[in-house]
Amino acid sequence: RRGEMAKPTQLINNEVFRAFATYAAIVLLKMMLMSLITAYFRLTRKAFVNPEDTASFGKGESAKKFLRTDPDVERARRVHLNDLENIVPFVGIGLLYALSGPELSTALLHFRIFTGARILHTFAYLIPLPQPGRGLSWAVGYAVTFSMAYNVLKTVWLV
Amino acid sequence: RRGEMAKPTQLINNEVFRAFATYAAIVLLKMMLMSLITAYFRLTRKAFVNPEDTASFGKGESAKKFLRTDPDVERARRVHLNDLENIVPFVGIGLLYALSGPELSTALLHFRIFTGARILHTFAYLIPLPQPGRGLSWAVGYAVTFSMAYNVLKTVWLV
Amino acid sequence: RRGEMAKPTQLINNEVFRAFATYAAIVLLKMMLMSLITAYFRLTRKAFVNPEDTASFGKGESAKKFLRTDPDVERARRVHLNDLENIVPFVGIGLLYALSGPELSTALLHFRIFTGARILHTFAYLIPLPQPGRGLSWAVGYAVTFSMAYNVLKTVWLV
């Protein structure tokens, strides 16, 4: 069967992989949402970083005053960066984990807890909730990714 | 056929996957290029952030004056961060999309538009072009990734 | 054999893929470690960015003085961002490379050099070592990722 064309549906028929694809798409969309939230705060707070973005507010000093930082904009940017730091490892390690043959129920548990924790984290950061709300939701997501990485390394270890 | 060794060429024989691999490699290389552009501006504008990077300019105050921010360096860094925020979701969601069995022509359309939009975005940001040049190129790439995510979720949904 | 359920163990039986999964998990864990190092410096240097994080230090001015930047915190954050800029492309391009059917020995060479270079880079950045220690370790990892991207594009090119 050498040279057989890969059926693109092969992997996608696997239930663990389908579950991973679902949750990975959800958390990546959640991360992408931060671009819109940052843009919303930039427009409503009139706080920009690029001179060309303030050109529509007039010329010279009248536009320059909108080149400033705003606490809400900076907060949204920190959520976005925190998502990059945590959701990207989840997607990378989660893909390897999904391919390492875990039980569907165990895999779903990992994916669901991570996704819930990151959605809570976003609310905790943006509202903001008093600590340790944000810290705990961050730690739960971190622990889930770590658990998946441990399972990947236990299964595939080849150095 | 249990226990059959995976042929590493299986997935790579699939045309949609080959197209994805091509465009994913191109946009990731484009993102990596931003490191070189930032380094170029740091060296030509003599604007550094780490004291150990200015040691070759002499000791004490003569070196310290190069620990500063520069508009061109900061602009290149913003392009790089924007690439991380947009190209990374494209690669993650695009991989799931490529494995979800789309038509080759539809998949190529997504990959080509995204890649073109992100290359335009880099030029629009670095030159810089007047708005809405950068905004539109950003939005096109965003919409393509969103469209792929929608198709992935429609195909694989398993929560 | 249409409609055959994908065996989740198929890909994971491939030795190059197992090697990739091992090293990808290691470098992603290394990247995640930066969150803990940044948190450690924030707590020991008492340098925070969110007002809600300083609430336990008291109210008003007594807490406000901990909303500040600290050189060690900023340095750890730069290492983390540099990891995002370099480890994420490695994982994306490395996955495509592992699926493109390279020799195991060649693949292992790429993965090992990259992983070693990034661990050296972290030490060089955090200690910090005099340049060009950090610059060289960065460049080695960059060159490895570039070499894998070249091999991917040579194998899959479909635009």
Side-chain angles (χ1 to χ4, degrees), chain B residues 1-36 38-39 43 48-56 67 77 80-81 83-85 87-88 90-92 94-95 98-99 104 107-108 111-112 115, chain C residues 1 4 6-7 9-18 20 71 74-75 78 81-82 84-86 88-104 107 124-125 127-135 138-139 142 145-146 148-159:
Chain B
R1 301 179 74 79
R2 275 205 159 264
E4 174 185 15
M5 279 290 284
K7 298 178 212 65
T9 49
Q10 264 185 332
L11 210 51
I12 223 71
N13 281 340
N14 177 262
E15 284 196 316
V16 172
F17 188 80
R18 279 180 54 205
F20 167 71
T22 306
Y23 285 99
I26 290 171
V27 290
L28 285 171
L29 285 172
K30 193 232 81 61
M31 183 170 93
M32 287 172 65
L33 181 64
M34 294 315 303
S35 297
L36 298 184
T38 301
L43 290 167
F48 300 90
V49 66
N50 297 298
E52 67 267 28
D53 299 353
T54 61
S56 62
L67 293 176
R77 293 182 64 221
H80 204 165
L81 186 57
D83 274 354
L84 276 169
E85 292 170 356
I87 288 176
V88 170
F90 168 81
V91 171
L95 174 68
L99 296 172
L104 177 61
L108 276 172
F111 303 156
R112 283 170 182 160
T115 304
Chain C
R1 302 181 72 79
E4 174 184 15
K7 299 179 212 59
T9 48
Q10 263 184 333
L11 211 50
I12 224 70
N13 281 340
N14 177 263
E15 285 196 316
V16 172
F17 187 80
R18 280 179 53 204
F20 168 70
E74 295 308 306
R75 186 173 282 273
R78 289 198 296 276
L81 186 58
N82 196 283
L84 276 169
E85 292 169 357
N86 289 278
V88 170
F90 168 81
V91 171
I93 290 171
L95 173 68
L96 305 173
Y97 171 73
L99 296 172
S100 73
E103 290 291 324
L104 178 62
Y125 214 150
I127 292 176
L129 296 181
Q131 286 282 29
R134 190 185 92 233
W138 172 84
Y142 195 88
T145 308
F146 195 86
M148 295 196 305
Y150 172 78
N151 278 285
V152 167
L153 289 175
K154 210 177 57 177
T155 311
V156 304
W157 189 262
L158 192 159
V159 292

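Below, read A as the first sequence line, B as the second, and so on, with proteins coming before strands; counting in each chain starts at 1. Just so you know, these numbers use all the heavy atoms, side chains as well, and skip hydrogens, waters and symmetry mates.
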Please report the interatomic distance [atom1]([X]) to [atom2]([Y]), rounded to the nearest 0.5 Å.
{"X": "B/Leu81", "Y": "C/Leu84", "atom1": "CG", "atom2": "CG", "result": "9.0 Å"}
{"X": "C/Leu95", "Y": "B/Leu95", "atom1": "CG", "atom2": "CG", "result": "6.0 Å"}
{"X": "B/Glu52", "Y": "C/Tyr125", "atom1": "CD", "atom2": "OH", "result": "7.0 Å"}
{"X": "C/Trp157", "Y": "B/Ile26", "atom1": "CH2", "atom2": "CD1", "result": "4.0 Å"}
{"X": "C/Ile93", "Y": "B/Leu29", "atom1": "CD1", "atom2": "CG", "result": "5.0 Å"}

Side-chain donor or acceptor of B/Thr22 paired with backbone N/O of C/Val159 under 3.5 Å: no

Any donor-acceptor pair under 3.5 Å from B/Arg18 side chain to C/Val156 backbone: yes

Region of C/Tyr97 in contact with chain B, defined by heavy-atom distances below 4.5 Å: neither

C/Leu129, part contacting chain B, at a heavy-atom distance under 4.5 Å: backbone

Minimum heavy-atom distance C/Leu153-B/Ala25, with the two atoms named: CD2-CB, 3.8 Å

Smallest separation among heavy atoms of C/Leu96 and B/Ala24, with atom names: CD1-CB, 4.0 Å

Trace of the side chain to side chain contact (heavy atoms under 4.5 Å, CB included) decision for C/Tyr142 with B/Leu36: CA-CA 10 Å; C/Tyr142 195 88; B/Leu36 298 184; 3.5 Å; yes

Non-neighbouring partners of B/Phe17 that pass ring-ring contact (aromatic ring centres under 6.0 Å, His included), sequence neighbours left out: none

Heavy-atom pair count under 4.5 Å with chain B, highest-scoring of C/Pro128, C/Gly92, C/Gly133: C/Pro128

Given heavy-atom pairs under 4.5 angstrom as the criterion, report whether the side chain, backbone, both or neither of [X] touches chain C.
{"X": "B/Phe20", "result": "side chain"}
{"X": "B/Met32", "result": "both"}
{"X": "B/Ala19", "result": "both"}

Evaluation steps, side chain to side chain contact (heavy atoms under 4.5 Å, CB included), between B/Leu108 and C/Leu158: CA-CA 9 Å; B/Leu108 276 172; C/Leu158 192 159; 4.1 Å; yes

B/Asp53: side chain to side chain donor-acceptor pair (under 3.5 Å) partners, not counting sequence neighbours: B/Asn50, C/Gln131, C/Arg134

Closest-packed option against chain C by number of heavy-atom pairs under 4.5 Å, given B/Met34, B/His80, B/Arg112: B/His80

SB check B/Arg77 C/Glu85 (cutoff 4.0 Å): no

